[in-house]
Amino acid sequence: MRGFQSFSIRQKLRAVIVLTSAAALLLACVSFMGYALVTARSQLVRELQSMADIVGLNSAAAIVFMDPESARETLSALGADSRVQGAWVIESDGELFAEYRRKTTEPRPLDQYLTPGVYRERDIVVVSRPILTGDELVGVIVVSAGLVDAYRSLRQYGVIAGWVLLVSLTVAFALSTRLEGLISRPLLHLTETAAKISSHGDYSARAERGSDDEIGQLIDSFNEMLGEIEERDVVLQEVNERLEDRVQERTEELEREVQIRAGTESELRASLEEKDVLLKEIHHRVKNNLQVISSLLNLQATHMDNEQAKKALTTSQDRLRSIALVHEMFYQSEDLARIDLAPYLRSTTSYLLSAYGVDLEKVQVEVDCSPMNVVIDTAIPLGLIAHELTSNALKYAFPEGRRGVVRVELQKRGDSVELRVADDGVGFPDHVRWDRPSSLGLQLVNSLTQQLRGKIELKPGEGTCFSVRIHAGLFKAGDR
Amino acid sequence: MTRRRQRRNLPSGVRTIVFLIGLSIGVMEEARGASSGIPVENRIKAAFLVELFSYVDWPADAVPASGDQFVVGVVGEGPTTTALLDLRGLEMKEGRRLVVKRLTNAGDFGSCHMLFFSEEPGVDVRRVLGEIVGNAVLTVGETDDFARMGGMVRFYFASNRVRFEINPAASRAAGLRISSRLLRLAKIVDDREGR
C-alpha cells in the first residue's frame, strides 16, 4: 500500500480502473464458471434421471418375469452416452439383477444407492431411480456418470475467460489511459498552478476551471483564496508603503531635530567656551588688578615714614597676594569651578617663606595635604585662613634665630575637613585671647571660620597648633 | 441346485405370490389335506400367468364386464392348474380379485379374461382356439406348439428358466394389446408361418 501511495494520481486512477475492472471481470468469470459447472451437473442429473426412468420402465417387466438378460440388453443401450460409466438394476431386496459396466469402470458397492435419489461424488454423479410396475416397487436402477465432460467444458470456459480477461483488461487499460485525464488533468493543472505560485510568488495566477464537478469547485475555491491573498497583499503593500512614508517623515523630523540639537549643542559649547574664556579672563584680570593694588600699596609704602603703617600696607599686600594666587590658580586650572587646595597651600607657604626672608636652614615648612578640590567661595577664605595662620607662625614662633618646623596639614577627618597649622616654636602667648584677638590677622581667621560655619581651636601642647574644622559638605562637590 | 437358483431369482411380486402360495398350502394342508409338492416351475408359471394381467390391455367391452374381478378359466389338469387354483381370491392390482374357474363346458370358454390350457388339456386345443376367435380372451398354454396353433402366450422351461413365447398376431386379432415391454422379453411366434 505504501508503494501505491507513492504513485502519481494518473497511475493511481489507472490502477483503480484496471483493478476494479479486473476484479469485476474475475468475479463474473468465476461466477459464470461456477454457474456453468452447477448447470452442467444439474443438466447431467436431469438427463441421467430421464434415461434411468426410461430404462427402468423397460426393465420392470424383465424383473417381474425374471429376465436379467433382457434387462442387461436394455442397460447396455445407456452405453451410447459417453458420460455413462455404469448402470445397474437392483431388485427391491438389494440383489443385483443386471449390470452394465464400461471396461474402464471398476465394480463398486451398490448398497448405498438403494434409496432412490441423486448422489453427488467428487467427479461422478450417481442417480438412483425406482422401478415400478403400476405402483409397486420392484427394484431400483442406478446410473453413474462422470463429470469429465463438464470439467472439459469448464477448462474451455476457463481458457475463454482468460482471453476475455486479457482483452478486457487491455481495453480497460487503454480506456483508463484516456479517461483518467478527465480527473487527473484539472488536478495536475491545479498542482502546476500552485507550484508556479509557490515558486514565483505570483498570486495573480489563476487555475482554469474545466468541469462543474467537485474538482471544478476545488479550483473555484482555490482561485477565490488566491484572490483574497492578492487583495490582502495589496492592502499589506499599501499599509507598508504608508508605514515607510511615516518612517521616512519621522526620520527626516528626527534628523532635523538632531541637526537643531547639534546646532544648539555647538552653540552651547561655544557659549560655554566663551564663558570659560570670560571666567579665565575675569580671574586673570582680578589677579592683575589685585597685583596692581598690591603694587600701588607697595608704592604707597615706600613713600611712608610710619613703620606701623608701612607694615600694615605690607601685610595687606601679602593678603592681596594670597587672594591673587587663588585667582591665578583658578584661571590656570582646567576646571574653572574648582581648584585643588594642595598646590595652592604649597605655593602660598613658599611665597611666605621668601616674603619674610626666612632662613631656610633654621625654619622648615612641611606641607602635608591630601588632594582636595574646593569651589572659589571656600578656596578664598580657607586660603586666607591658612595664609594668616602660617604667616603668624613664621613671624612669631621662632624669635631670635630659633630653629623649628611649621607643619601645614589638610586632611579629611570623618565628615569634616581639618586644616591644621602647627609649629614647634615658642608657643602661643598666654596673655593673648586667640578667640577675641586684637590683631587683625586672628580677627580675620575667626570671622572667616564663622563665614565657613567652621570651628577653630587652639590645641594644647608644645608649640602652637591651630585646628580649623569645617564641614566636608563644602568640599563635597570637588572631593574625588 | 437349479431350483434354489430359480428361487433366488424370483422377482419380488412373484416372490410375494410364491410366499402366499406356500402359506396357503400350509394352511390348507392343515385344513383339508390338499395337494402339496407342486414343482416350483409350475408355481412360477402360475405367478407369471397372474402377472400377465399387468402387461395386457383388454378392450372396454370385454367379457366379463364386472370391473372388480380378473377371471381365469382353466382347461385341463396338471400341476400348474393346481398352483393356479391355489391362487384364487388373490388381491391383484387395480383392486381386482383373482377368480379361477375350471371350465369343461365349451360354451363358457369365451366368458373369461384369460383361458389357460394345461399340459394335458383334454380338449382339441386348435378347435377351441378357433371357436373363440374374436372374443377378447388371452389364451395361455403349456403345450409345445400352442402358439403356432394360434394360442397367444406359451410358457416353457429352458436354460433353467421359465420363458414364454408370444403370438402377437393372435392377440391382435382378439383385440388385445400386449405391452411391448412384455414382447421384448418373449420369443415372438407367428402362427401364419406354420400354416
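All values below come from the heavy atoms of this structure, side chains included, with hydrogens, waters and symmetry mates left out. Proteins get letters first, then strands, A, B, ... in listed order; numbering begins at 1 in each.
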Just wondering, more than 12 heavy atoms not from A/Arg102 lying within 6.0 Å of its CZ? yes

Do you know which two heavy atoms are closest between B/Tyr55 and A/Thr133, and how far apart they sit? OH-CG2, 3.4 Å

Report, as yes or no, whether the 6.0 Å neighbourhood of atom NZ on B/Lys101 holds more than 12 heavy atoms from other residues, nucleotides or ligands. no

So for atom CD, which belongs to B/Glu120, do other residues, nucleotides or ligands contribute more than 12 heavy atoms lying within a distance under 6.0 Å? no

Looking at side-chain heavy atoms only, is the closest gap between A/Leu57 and B/Arg181 below 4.5 Å? yes

Can you establish whether the number of heavy atoms outside A/Tyr151 located under 6.0 Å from its atom OH is more than 12? yes

Among B/Ile44, B/Leu52, B/Val162, which one satisfies side chain to side chain contact (heavy atoms under 4.5 Å, CB included) with A/Phe65? B/Leu52

Is it the case that more than 12 heavy atoms not belonging to A/Asp123 sit under 6.0 Å from its CG atom? yes

Indicate yes or no for a side-chain donor-acceptor contact from B/Arg161 to the backbone of A/Met66 under 3.5 Å, with no hydrogens or angles considered. yes

Please round to the nearest 0.5 Å and tell me the distance separating atom CG of B/Leu185 and atom OG1 of A/Thr74. 8.0 Å

